[in-house]
Number of protein chains: 2
Amino acid sequence: MSTPLTSDLSARKGYHHGNLRDALIEAARQLLTERGAQGFTLVDAARRAGVSAAAPYRHFRDKDALLAEVALGGFKDFAARQTGALKGHSDPIAAFRAMGLAYLAFAREEPGAYAAMFMGGGAGPSPEKIGETGFEALVRALKPLVGDPPPQGVDPVRLACQVWALSHGVALLSASGQLEKGFGVNPQELLIEGVERLVRGALSGAGKAPSAD
Amino acid sequence: MSTPLTSDLSARKGYHHGNLRDALIEAARQLLTERGAQGFTLVDAARRAGVSAAAPYRHFRDKDALLAEVALGGFKDFAARQTGALKGHSDPIAAFRAMGLAYLAFAREEPGAYAAMFMGGGAGPSPEKIGETGFEALVRALKPLVGDPPPQGVDPVRLACQVWALSHGVALLSASGQLEKGFGVNPQELLIEGVERLVRGALSGAGKAPSAD
DNA sequence: ATCCGATGTTAATGGCGTTGACATTGGGCC
DNA sequence: GGCCCAATGTCAACGCCATTAACATCGGAT
């Protein structure tokens, strides 16, 4: 992003690093990608940035605060990709498909950020800092699909939640290899087809009240 | 399960514990529930079982092996609940609904096992040990719903994957509070409705080939 | 009764998160 | 320009955890 990946994170101008905060965030993202959330270590991040183990505490309260910062960057990047995917298409269906693919692409290409966002302790950053969420873009993309006003019994927010959950589930099952290894299923196709089914099912079943046992 | 939760895990008959292996698994499940996967510690599990920190190594190669055992128990329990939910109903739709609810109930009632199963390093136990998987029960429940033979373009396994992913996604989003807090959505209703939409959408869209960009 | 293997214990090693005391440096102020 | 402070690093130390090696205990086979 702001720091080119090619730059040596440990480059420093002297006693002071000069840009340690960003270097640590970038190092954390890399290490998360390489070793997963489990194997991530503050000391490693400091090492990769070329500073002592205590230096990070000048910029982050503790390890979790650094991870939260990685997660925050991830949420912003993610939202940008989602709105970008939405804008690139005029056909609402194509836009929707693009957003689904963007979701999987993000999970695949930014596993470090993705891990920080969801596999962490669950305490993500306060949503206020994110600005427009990927989810909001999703709801916006959904409205032209269901019509305005939406048919009786079709709440765009609920449908968006279902699309979101489906995307999330596919991404996680795919990340742990359970989809490809177990059933030879292509995650992209699976998600796109599933989203189409959700939308079509919602519209064809409009007017029915959900029963909750 | 086999060990009643009321029994004191640290009860021992003398120098030897007598049932340390099971006690450690149970202690791990409890601690996973109380403190999450992040905060789980082998030493804590040993403490709760009333033994020294080194004792667990007589029964498990390392910490991950203990967690894998918790995960294995979770998979078995989960599969049992799924098949149980399937058997309890003659109407295929009701059975399907029950399985969805059973999924969420498991994630809610056994967060320790659930964490070990999915939030772990991703290296779950070898599937051979599980016997009938919850997923297989899902496919079985699906067949009468889609008809036999299924319509053109409706692969029961793919549909089952989508239902699975949706369930997984709803469970995880619900666990991290993003559904209830963010949108006031009831996870149970959301999942049931989503599953119905997936099935209806699959049947109403039968014959179309999925396009994958 | 004896002996051995399974099961526990203690002590030590090495890594990590975190903190407090001390060092270095760049920039504001005279 | 030179002085001083706040920001930013380093070191050393503490406590906790995972893991292992050496030693202790006990139950059951012989």
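The chains referred to below are lettered A, B, ... by the order of the sequence lines, with proteins before strands, and numbering in each begins at 1.
- Among the atoms of the strands shown, base atoms are found under 4.0 Å from some heavy atom of B:Ser52.
- The distance between atom CG of A:Leu67 and atom C1' of C:dC16, rounded to the nearest whole Å, is 14 Å.
- At a threshold of 4.0 Å, the pair A:Glu193-A:Arg200 does not count as salt-bridged, since none of the basic side-chain nitrogens sits closer than that to a carboxylate oxygen.
- A salt bridge does not link B:Arg48 to B:Glu26: none of the charged side-chain nitrogens sits closer than 4.0 Å to a carboxylate oxygen.
- Remark: P of C:dG15 and NZ of A:Lys63 are 16 Å apart, rounded to the nearest angstrom.
- Computed from coordinates, the A:Arg21 CZ to D:dG9 P distance equals 12 Å when rounded to whole Å.
- Picking from C:dC16, C:dG20, C:dT7 the nucleotide with the shortest atom distance to the side chain of B:His59 gives C:dT7.
- For the pair A:Leu20 CG and C:dG26 P, the computed distance is 16 Å after rounding to whole Å.
- Between C:dG17 and A:Thr41, a contact under 4.0 Å exists linking OP1 or OP2 to a side-chain N or O.
- Closest to the side chain of A:Ala53, from the set D:dT10, C:dG8, C:dT18, is C:dT18.
- D:dT19 atom P lies 11 Å from atom CG of B:Leu66, rounded to whole Å.
- Counting non-hydrogen atoms under 4.0 angstrom, B:Arg47 reaches the backbone sugars and phosphates but no base.
- At whole-Å resolution of the value, CZ in A:Phe40 and C1' in C:dG15 are 15 Å apart.
- Taking atom CG on B:Asn19 and atom P on D:dG27, their separation rounds to 15 Å, with Å as the unit.
- Between the C1' atom of C:dT18 and the CG atom of A:Leu42 lies a distance of 9 Å, rounded to the nearest Å.
- Between B:Tyr114 and B:His168, the ring planes are tilted. Angles from 30° to 60° get that label.
- Remark on DNA chain C: of its neighbouring residues A:Arg61 and B:Ala55, the 5'-side contact belongs to B:Ala55, judged by nearest-heavy-atom nucleotide.
- A ring-centre distance under 6.0 Å is found for B:Phe183 and A:Phe135.
- Taken from CG in A:Leu145 to CG in A:Leu159, the straight-line distance is 8.5 Å, to the nearest 0.5 Å.
- At the heavy-atom level, A:Gly39 lies nowhere under 4.0 Å from the strands shown.
- Side chain of A:Arg58, nearest nucleotide from D:dG9, C:dG8, C:dG17: D:dG9.
- In this structure, the nucleotide among D:dT19, D:dG9, C:dT19 sitting nearest to the side chain of A:Ala54 is C:dT19.
- Candidate nucleotides C:dT19, D:dA18, D:dT20 were compared by shortest atom distance to the side chain of A:Tyr57, and C:dT19 ranks first.
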